[in-house]
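Before anything else, here's the structure in question.
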Amino acid sequence: IRITDPYTASLDATVALIERLNAVHCYRVEKYPPAVAFAYGAAYWATCGLPGEQEDATGPTAPIALLIALLKAISERQE
């Protein structure tokens, strides 16, 4: 398999981690438009968690934003 986007493998690994942990049921990630990314200082926005209890996060890459959202969701469930 030839991967042209260096973030594809890390995004696949992040999704696999989420599914393996079975900690959340919903997750999504979006790329901000350039003007919004500049305002927030982050290129990606992600949510992760149970329906109605999702945590959100931003990050410079999709995998990082998704990992931060996942960690926030796990932390929130343990409190």
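Side chains are part of it too, since the values below use all heavy atoms of this structure and drop only hydrogens, waters and symmetry mates.
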Quick one: does Val36's side chain get under 4.5 Å of Trp45's, heavy atoms only?
-> no

Residues forming a ring-ring contact (aromatic ring centres under 6.0 Å, His included) with Phe38, sequence neighbours excluded =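 By the ring-ring contact (aromatic ring centres under 6.0 Å, His included) rule, Phe38 matches no residue at all.
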
Result of checking Ile64, Leu66, Leu70 against Ile68 for side chain to side chain contact (heavy atoms under 4.5 Å, CB included) =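 The residue from Ile64, Leu66, Leu70 that satisfies side chain to side chain contact (heavy atoms under 4.5 Å, CB included) with Ile68 turns out to be Ile64.
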
Can you name the residues that form a side-chain contact (heavy atoms from CB on, under 4.5 Å) with Leu71, not counting sequence neighbours?
->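 side-chain contact (heavy atoms from CB on, under 4.5 Å) list for Leu71, sorted by chain: empty.
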
Looking only at non-hydrogen atoms, find the nearest pair between Thr58 and Ala65 and report the distance.
-> C-CB, 3.9 Å

Between Ile74 and Val15, is there a shared hydrophobic cluster once you connect ILVMFWY residues whose side-chain heavy atoms come closer than 4.5 Å?
->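 The answer is yes; both residues are in one hydrophobic cluster.
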
Passes side-chain contact (heavy atoms from CB on, under 4.5 Å), Lys72 versus Asp56? Steps please.
-> CA-CA 8 Å; Lys72 287 173 68 176; Asp56 70 328; 4.2 Å; yes

If you group Ile, Leu, Val, Met, Phe, Trp and Tyr by side-chain heavy-atom gaps below 4.5 Å, do Leu67 and Leu11 land in one group?
->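 Shared cluster, yes.
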
State which residues pass side chain to side chain donor-acceptor pair (under 3.5 Å) with Thr47; sequence neighbours excluded, sorted by chain then number.
-> Gln54

Could you walk me through whether Ile18 and Cys48 pass the side-chain contact (heavy atoms from CB on, under 4.5 Å) test, one step at a time?
-> CA-CA 9 Å; Ile18 290 170; Cys48 203; 4.1 Å; yes

Closest heavy-atom contact between Ala69 and Ala57?
->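 Shortest heavy-atom contact: N-CB, 3.6 Å.
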
